Amino acid sequence: MKLPLSYYTNQDVIFLAQNLLGKVLFTEINGEITAGIIVETEAYSGIQDKASHAYGGRRTDRTETLYSPGGVSYVYLCYGIHHLFNVVTSVENDPHAVLIRAVEPLIGKEIMESRRKMPTTKAAISSGPGSAAKALGIDKSFNKKDLDGNEIWIEDQGITYNPDEIATGLRIGVAYAQEDALLPWRFFVKNNKYVSKPNKV
DNA sequence: GCCTAGATCATCT
DNA sequence: GATGATCTAGGCG
């Protein structure tokens with residue numbers, strides 16, 4: 001059920017961003033397992049995408065992870081407070097990634113509730129990239145982990161959405177990326193309350 | 001319910 | 001030394 005590394009080496013990051021909807025993201029921390037259904041993603045397409053950290057082939061200590069072969073996690077801190085979780089895809093030296101923006105709590109809800117200090121019935125518990133990562137207990141120590149390991153991994157539990165249940169839209173928070181901000185590379189499940197901000201088309 | 005402002009720090013210039 | 005792939009609380013209507 002765990003997705004094999006070959007799944008992530010697909011070079012079509014747009015396809016993967018779409019295909020990851022409905023997959024289940026697991027983390028295990030100190031023996032505590034939590035999992036959530038992925039309901040919102042964004043594609044970041046390597047060196048040709050101005051919104052990507054690796055735009056233009058930029059390569060620093062931080063972005064080094066993006067150049068890894070697919071199947072590795074990329075976690076970084078944004079605005080000084082929020083940890084954002086990405087899945088590195090494609091092959092080595094091709095810095096594509098999929099940002100996980102929202103999950104629907106599935107397993108270990110009580111653990112998520114204590115981490116977020118709010119009930120899972122409240123959509124805000126895992127809506128938005130910072131919240132989703134926190135609910136799953138993801139922080140910087142999860143950077144550069146293999147996704148077929150036993151700390152963090154993604155499973156296919158047979159959950160699929162009909163094409164008409166999936167919506168696409170503009171990515172969020174990337175206005176500075178100029179024309180690339182207009183690319184419809186955000187994918188989400190329509191009318192799912194755990195999806196952040198505009199969850200309709 | 002909607003909008004505005006403030007928090008807070010690793011990373012790059 | 002500036003800045004951002006954000007969240008939340010609090011004020012107003």
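Because the structure is a prediction, the values reported are computed rather than measured. So you know, we letter chains A, B, ... as the sequences are listed, proteins then strands, and number each from 1.
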J.: Once you round it to whole Å, what is the distance between C1' of B:dG6 and NE2 of A:H82?
T.: 11 Å
J.: Under 6.0 Å between the ring centres of A:H83 and A:F142?
T.: no
J.: Nearest-Å distance, CD1 (A:I125) to P (C:dT6)?
T.: 20 Å
J.: In whole Å, what is the span from the NE2 atom of A:H53 to the C1' atom of C:dT3?
T.: 11 Å
J.: Between P on C:dT6 and CZ on A:R171, what's the gap in Å once rounded to a whole number?
T.: 11 Å
J.: Produce the list of close N/O pairs, under 3.5 Å, pairing protein atoms with atoms of nucleotides 10-13 of chain B; give distances to one decimal.
T.:
from   : atom 1 : to    : atom 2 : distance (Å)
B:dC12 : OP1    : A:T60 : OG1    : 2.1

J.: Report the base-pairing partner of C:dG4 (Watson-Crick or G-U wobble, both distances below 3.5 angstrom), or none.
T.: B:dC9
J.: Calculate the interatomic distance between A:H83 atom NE2 and B:dA7 atom P; express it in whole Å.
T.: 19 Å
J.: Please state how far atom NZ in A:K122 lies from atom C1' in C:dA9, giving the value in whole angstrom units.
T.: 10 Å
J.: Among B:dT8, C:dC7, C:dA5, find the nucleotide with the atom closest to the side chain of A:I81.
T.: B:dT8
J.: Does the Lys NZ or Arg CZ of A:R62 fall within the cation-pi geometry relative to A:Y76 - under 6.0 Å from the ring centre and within 45° of the axis?
T.: yes
J.: Are A:S126 and A:S131 linked by a side-chain donor-acceptor pair shorter than 3.5 Å?
T.: no
J.: Does A:Y44 have A:R171 sitting over its ring (NZ/CZ under 6.0 Å from centre, angle to axis within 45°)?
T.: yes
J.: Quick one: which of C:dT8, C:dA5, C:dC7 gets closest to the side chain of A:Y44?
T.: C:dA5
J.: Check whether the side chain of A:Y79 and the base of C:dA5 form a donor-acceptor pair under 3.5 Å.
T.: no
J.: Just checking, any donor-acceptor pair under 3.5 angstrom between side chains of A:D94 and A:Y67?
T.: no
J.: Could you tell me the separation between the CG atom of A:L66 and the P atom of C:dA5, rounded to a whole number of Å?
T.: 13 Å
J.: Would A:R58 pass as a cation-pi partner of A:Y55, given that its NZ or CZ must be under 6.0 Å from the six-membered ring centre and within 45 degrees of the axis?
T.: no
J.: Can you tell me how the ring of A:F26 sits relative to the ring of A:W153, calling it parallel under 30°, perpendicular over 60° and tilted otherwise?
T.: parallel
J.: Without decimals, in angstroms, what is the distance between A:F188 CZ and C:dA5 P?
T.: 20 Å
